[in-house]
Amino acid sequence: MKLEKERIEEEKKKAALEAVKHVKDGFVVGLGSGSTAAYAIKEIGKRIRQEEIRVLGIPTSYQAFLLAVQCGIPITTLEEHPKVDLTIDGADQIDRELNLIKGMGGALAREKIVAFASEKLIIVADESKKVEILGENNHPVPIEVLPFAAAILMHKIREYGGKPTLREGSGKVGPVITDNGNVIIDVDFGLIQSPAELENELKRFPGVVETGLFVGMADIVYIGKRSGVEELTRNRKVEKKN
Ligand code: 5RP
């Protein structure tokens, strides 16, 4: 019997491969962060080598940048290409409306900026990421904040009703420092009945750079499953068998 971990990796890969089918010759592609998006980056590299398609990548993190370089994907920037054809990224939670919590890899700010610049955002994930309501199982919303504002924001978020934790690094003492030189506060808000409202409220707090709530941004979600890949779009759901 396959190990659970191995099975999840296969599901992630299936979802990523399905998403990469959307990549066409000449595309500028946003390269997402995390372990599922990494499968997509590797597959784009493979298609560049095998099919000789011309693709430029815009990485959403240092991790994505390094992997893209390793995979032979030419890199570009939003300065050179402010219009991105497609972004493929992972997510931590996905609800029925395809609203997302992202940012457990700490790349949420650049991920959201690249998604915002994109014509289409495709999310790739394994089944464990699907939820009825964001915030289930006390899943926190990561919030990237200016270090100067971290203490006061923890205080204000507590007053607002959230349970904040400053994200600690591993392999280093002290907080995680993002690719933008900021810190991350993970906040348990309980069940999030209105992600749009919460997002709007949080963006009003001075010092908040970006939140991990991606509301109404995803166009398609591919969920890798044992039996194949499930496609979710905002209005319909299609099952694809392998
Ligand atoms: C990073 C992210 C990732 O896409 C998200 O955490 C999912 O990662 P994984 O595919 O490894 O589960 O938002 O900031």
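Counting starts at 1 for both ligands and their atoms, in listed order. Side-chain atoms are counted along with the backbone in the values below, which use heavy atoms only and exclude waters and symmetry mates.
- Of all protein heavy atoms, the one closest to atom 1 (C) of ligand 1 is E111 OE2, 3.2 Å.
- Residue A91 touches ligand 1 through its backbone alone, judged by heavy-atom distances below 4.0 Å.
- Of all atoms in ligand 1, numbered sequentially from 1 with element shown, those under 4.0 Å from a heavy atom of D92 are 5 (C), 6 (O), 7 (C), 13 (O).
- For ligand 1, the atoms closer than 4.0 angstrom to any heavy atom of D89 are 4 (O).
- Partners of H81 by ring-ring contact (aromatic ring centres under 6.0 Å, His included), not counting sequence neighbours: none found.
- Considering backbone and side-chain N/O atoms, G34 never comes within less than 3.5 Å of an N/O atom of ligand 1.
- There is a side-chain donor-acceptor pair under 3.5 Å between S35 and K12.
- A cation-pi arrangement is not found for K14 relative to Y222, the charged atom failing to lie both closer than 6.0 Å to the ring centre and inside a 45° cone about the ring normal.
- In this structure, I133 shares a hydrophobic cluster with L191, the cluster being traced through Ile, Leu, Val, Met, Phe, Trp and Tyr side chains under 4.5 angstrom apart.
- Checking S128 against D126 by side-chain atom types alone, a donor-acceptor pair falls below 3.5 Å.
- From the protein, the heavy atom lying nearest to atom 10 (O) of ligand 1 is T36 OG1, 2.5 Å.
- Below 3.5 Å of separation, one finds an N or O of G103 facing an N or O of ligand 1.
- Residues F116 and V114 have side chains not in contact (no heavy-atom distance under 4.5 Å, counting atoms from C-beta outward).
- Looking only at heavy atoms of the protein, atom 9 (P) of ligand 1 is closest to S35 OG, 3.3 Å.
- Of the N or O atoms in K12, none lie within a sub-3.5 Å distance of an N or O in ligand 1.
- In this structure, the protein non-hydrogen atom closest to atom 12 (O) of ligand 1 is K129 NZ, 2.7 Å.
- Taking every heavy atom of G106 and a limit of under 4.0 angstrom, the matching atoms of ligand 1 come to 14 (O).
- Contact atoms of ligand 1 toward G90: 4 (O) (distance under 4.0 Å to a heavy atom of the residue).
- Using a 4.0 Å cut-off between charged side-chain N and carboxylate O, K21 and E18 make a salt bridge.
- A 4.5 Å side-chain heavy-atom check between K120 and I220 finds at least one atom pair inside the cut-off.
- Listed by number with element, the atoms of ligand 1 under 4.0 angstrom from any heavy atom of S33 are 3 (C), 4 (O).
- Proximity of V55 to P74: side-chain heavy atoms (C-beta onward) are nowhere separated by under 4.5 Å.
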